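The model shown is predicted, which means the values in this text are computed figures rather than measured ones. Every chain is numbered from 1 and lettered A, B, ... according to where its sequence line falls, protein lines coming before strand lines. What's counted below: heavy atoms across the whole structure, side chains too, no hydrogens, waters or symmetry copies.
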There are 4 protein chains.
Amino acid sequence: MTVQDRDAFQSEGRAAEVYRKAAEIILQKGYDATSVSDIAEALGITKAGLYHYIHGKTQLLFDIMQYGLNELDREVAQPAMKIKDPEARLRFMVAMHARIVTRGHGAVTILVDEARALTPAQNRKVTRKKREYFDFLRATLQEMKDARKLRDVDLTVATFSLLGMINWLSRWYRAEGALNEQQVAQAIVDIALNGLIRPAAGGGRSLRAV
Amino acid sequence: MTVQDRDAFQSEGRAAEVYRKAAEIILQKGYDATSVSDIAEALGITKAGLYHYIHGKTQLLFDIMQYGLNELDREVAQPAMKIKDPEARLRFMVAMHARIVTRGHGAVTILVDEARALTPAQNRKVTRKKREYFDFLRATLQEMKDARKLRDVDLTVATFSLLGMINWLSRWYRAEGALNEQQVAQAIVDIALNGLIRPAAGGGRSLRAV
Amino acid sequence: MTVQDRDAFQSEGRAAEVYRKAAEIILQKGYDATSVSDIAEALGITKAGLYHYIHGKTQLLFDIMQYGLNELDREVAQPAMKIKDPEARLRFMVAMHARIVTRGHGAVTILVDEARALTPAQNRKVTRKKREYFDFLRATLQEMKDARKLRDVDLTVATFSLLGMINWLSRWYRAEGALNEQQVAQAIVDIALNGLIRPAAGGGRSLRAV
Amino acid sequence: MTVQDRDAFQSEGRAAEVYRKAAEIILQKGYDATSVSDIAEALGITKAGLYHYIHGKTQLLFDIMQYGLNELDREVAQPAMKIKDPEARLRFMVAMHARIVTRGHGAVTILVDEARALTPAQNRKVTRKKREYFDFLRATLQEMKDARKLRDVDLTVATFSLLGMINWLSRWYRAEGALNEQQVAQAIVDIALNGLIRPAAGGGRSLRAV
DNA sequence: CATGAATGAGAGTTCATTCAT
DNA sequence: GATGAATGAACTCTCATTCAT
């Protein structure tokens with residue numbers, strides 16, 4: 001059933017439109033503040049009509065989240081697994097994840113922000129999947145650490161910091177702004193990997209110049 | 001009236017308890033999902049009784065946010081202004097802000113997460129204040145840039161990335177975890193400023209060792 | 001239209017199946033608690049599809065009741081009319097009616113339990129028919145009374161008591177129980193006619209012994 | 001909580017009025033067909049206002065049923081337990097139970113008719129209690145049987161038949177009718193115990209033969 | 001200070017029914 | 001025959017808020 005709905009989300013047709021519109025509105029107003037009527041209205045149908053496509057408000061949320069998880073898996077995790085070099089893999093993941101957030105389809109952001117509204121069972125499922133993603137990202141950092149390509153940082157803090165930077169994007173990035181999606185994604189990768197401050201010039205650089 | 005309430009939040013006495021308890025619950029369940037009854041119940045009084053202390057649910061939220069803004073101003077911005085060196089100031093701000101988030105009094109997190117629920121007028125006020133804080137942080141980066149202490153990064157992306165890392169703390173940091181507040185704060189400062197990867201300089205560092 | 005439907009109920013074919021399934025479910029869950037979807041689902045068709053066979057939920061109920069009335073008339077009242085001796089007739093009616101209830105096709109029970117849900121017009125029709133049946137049963141008791149075969153009991157109370165005992169069967173009789181339909185029917189006839197207590201031994205019996 | 005509500009039903013005050021009015025309307029229209037608005041309207045308050053007194057429609061039903069069970073226990077079972085002679089006890093139970101039904105307060109009838117609407121947990125509780133009452137009644141018949149005061153009847157059928165006669169009263173007895181509550185109760189006791197037909201008195205026969 | 005009672009508005013959801021295909 | 005889509009009406013229930021006491 002859930003699988004069906006997730007497919008509906010991705011497929012073409014009216015059902016897909018329903019799920020996409022719902023995601024859009026929930027992204028905008030928040031899940032709690034979005035009424036089923038709001039969604040119906042935006043679709044130009046009645047509440048009762050909407051119920052042909054959804055199986056309750058919570059299930060709708062869950063289905064959107066499933067789609068978000070899917071998006072991450074399909075577009076970030078799966079391709080990343082094919083990248084051998086951990087640093088290249090990290091760069092790809094951060095950039096790609098950032099782009100999914102900035103392109104604003106909503107599902108990924110809702111996935112992150114509204115987990116509280118799920119039923120315990122749904123929450124468990126979603127949390128497990130999110131955890132898997134987190135672990136994969138962390139494992140990549142671990143590989144880099146093992147290859148002595150990482151500074152001596154706490155990996156958990158590092159992973160969450162990456163995710164914080166990325167997820168925060170949904171709160172401030174506007175497509176109309178000065179930087180486009182790709183530029184922002186690259187900027188984030190750069191900041192995350194290289195930090196903000198110029199390496200102590202007296203040290204490394206001048207020496208290197210020698 | 002608002003000023004009164006903000007004072008109430010900070011002062012001792014029953015009113016302060018009300019505001020603190022409210023913040024705690026809202027932090028936990030989210031503003032929309034928190035009913036006035038929930039708060040009253042947690043305080044051991046009736047809904048009607050609670051209305052002696054608050055002036056509506058939205059106003060309560062606004063007051064908590066005001067307190068959060070205040071907290072930031074009092075504990076981060078004001079002291080920071082006394083720090084001349086921009087890098088030291090930045091380090092202080094990130095660390096201190098992070099500690100306010102991790103110590104978990106809630107107001108700052110609510111401030112960030114629930115702005116949507118405010119009335120337009122309240123929202124404007126809060127947004128203006130948040131903007132001031134953002135600008136101050138960004139100005140600090142600008143100073144560093146001018147002093148050539150910053151790598152060539154987009155300052156807006158950088159500022160938001162810092163805030164993303166910090167604000168994300170409220171989603172994952174648990175006091176019971178392996179790192180205490182101070183350690184996490186320092187880890188974040190370190191990651192944000194120095195980045196994750198070891199400077200490519202096989203040159204620099206090893207030479208320094210020489 | 002109604003006649004058509006009643007026939008449909010009894011006849012073979014898809015329509016009959018629809019009515020029988022509907023009766024079964026309504027008997028089980030009650031009319032109000034049974035949704036048109038429930039019935040459609042049980043039949044493996046859609047709601048809209050079901051509407052090819054029925055003319056509204058109330059009409060469906062009415063048709064089932066008509067069938068129940070018919071059942072009573074055909075299997076109890078009509079044959080009973082051919083029995084001259086009132087006591088024999090009474091025994092037949094009680095036993096036969098009881099068996100219709102216990103065999104559990106549902107229509108008779110629904111007829112009795114769900115009259116409130118009918119439209120006033122339908123209700124009047126059904127009530128009139130039920131009244132006819134009641135009157136026929138009561139008239140049989142009257143005949144017995146006239147023949148001095150009845151104890152001095154209020155005939156109305158007696159008639160309703162008979163019907164109460166019989167109709168109550170649907171609430172407790174289970175085919176899997178210790179007694180089969182026939183045994184239960186006979187037990188009821190026996191109890192209703194002869195009562196529970198052993199006739200005062202000092203009276204009749206000793207006389208008989210003389 | 002439940003106990004509280006049951007008390008509320010019996011006590012004086014607004015809460016009692018609410019429960020009594022609710023019972024009255026549910027008795028009249030049936031539980032499913034009674035909306036919460038119906039009850040509120042009959043009380044002259046709004047739906048929301050009614051919810052100060054009840055804890056959901058199902059709980060309301062359950063509470064009414066609890067009261068019904070209580071009524072039976074208090075007015076029938078408890079006093080009956082003090083009656084040594086089983087026949088006297090049976091006569092008392094049937095008569096008293098019948099009067100509770102005819103006096104029409106509703107709770108007992110609702111208790112019997114609407115069990116399907118309860119939650120499984122509630123249903124179990126109610127069923128257990130009803131079972132206890134049934135067993136007590138049946139045990140009384142058993143005592144009579146042991147004392148050879150009973151004809152040779154199946155005790156289960158007998159007990160259910162008694163209950164059928166009594167419970168059916170609620171469907172037909174009207175206070176305005178020819179017989180008052182007491183007369184009907186006595187008539188039922190008489191019919192149930194002595195049956196309808198004049199004993200084929202060995203007495204009678206031989207006399208007739210003379 | 002605090003309460004119980006009450007309310008209007010609106011929430012999510014279900015339902016019987018219709019109709020173009 | 002049968003369906004998917006749609007609807008208006010109704011339903012149970014919750015909520016923020018008020019007010020007399």
Could you list by number each residue of residues 38-50 of chain A showing a heavy-atom separation from DNA chain E of less than 4.0 Å, or answer none if no residue does?
A:K47, A:A48
So, using side chain to side chain contact (heavy atoms under 4.5 Å, CB included) as the criterion, who are the partners of C:K21 when residues are at least two apart?
C:E24, C:I25, C:A42, C:L43
In short, salt bridge (charged side-chain N to carboxylate O under 4.0 Å, His left out) pairs touching residues 40-57 of chain D with sequence neighbours left out are none
A:Q59 and A:D63: side chain donor to acceptor below 3.5 Å
yes
Apply side chain to side chain donor-acceptor pair (under 3.5 Å) to A:T119 and list each qualifying residue two or more places apart in sequence or on a separate chain.
A:Q122
Residues D:R20, D:E17: salt bridge by 4.0 Å N-O rule:
no
Among residues at least two apart in sequence or on other chains, which ones pass side chain to side chain contact (heavy atoms under 4.5 Å, CB included) with A:E71?
A:Y67, A:R74, A:E75, A:I100, A:R103, A:H105, A:A107, A:V108
When the distance from NZ of D:K57 to P of E:dT14 is rounded to whole Å, what number comes out?
15 Å
Are there runs of at least three consecutive Watson-Crick or G-U pairs touching DNA chain F, with each pair's two distances under 3.5 angstrom? Give them by first number.
E:2-21 with F:2-21
My understanding is that only residues two or more places apart in sequence, or in another chain, count here; which of them pass side chain to side chain contact (heavy atoms under 4.5 Å, CB included) with B:T127?
B:N123
Heavy-atom nearest pair, D:Y53 first then D:R14, reads OH-CG, 3.3 Å
Check whether any side-chain N or O of D:Y19 sits under 3.5 Å from a backbone N or O of D:I54 as a donor-acceptor pair, and report yes or no.
no
Counted 5' to 3', the first and last nucleotides of DNA chain F within 4.0 Å (strictly under) of a heavy-atom of chain A are F:dA5 to F:dG8
Rounded to whole Å, CG of A:L60 lies from P of E:dA11 at a distance of 16 Å
State which residues pass side chain to side chain donor-acceptor pair (under 3.5 Å) with C:R171; sequence neighbours excluded, sorted by chain then number.
D:D113
Taking it one step at a time, do A:L50 and A:I39 satisfy side-chain contact (heavy atoms from CB on, under 4.5 Å)?
CA-CA 8 Å; A:L50 177 56; A:I39 299 169; 3.9 Å; yes
Mind checking side chain to side chain donor-acceptor pair (under 3.5 Å) for B:K29 and listing every partner two or more places apart, or none if nothing turns up?
B:D38
Here the residues of residues 27-37 of chain A within 4.0 Å heavy-atom distance, strictly under, of DNA chain E are A:T34, A:S35, A:V36
Closest nucleotide among E:dC1, E:dT13, E:dT7 to the D:H52 side chain:
E:dT7
Contacts of A:S170 that satisfy side chain to side chain contact (heavy atoms under 4.5 Å, CB included) - sequence neighbours left out:
A:V101, A:T109
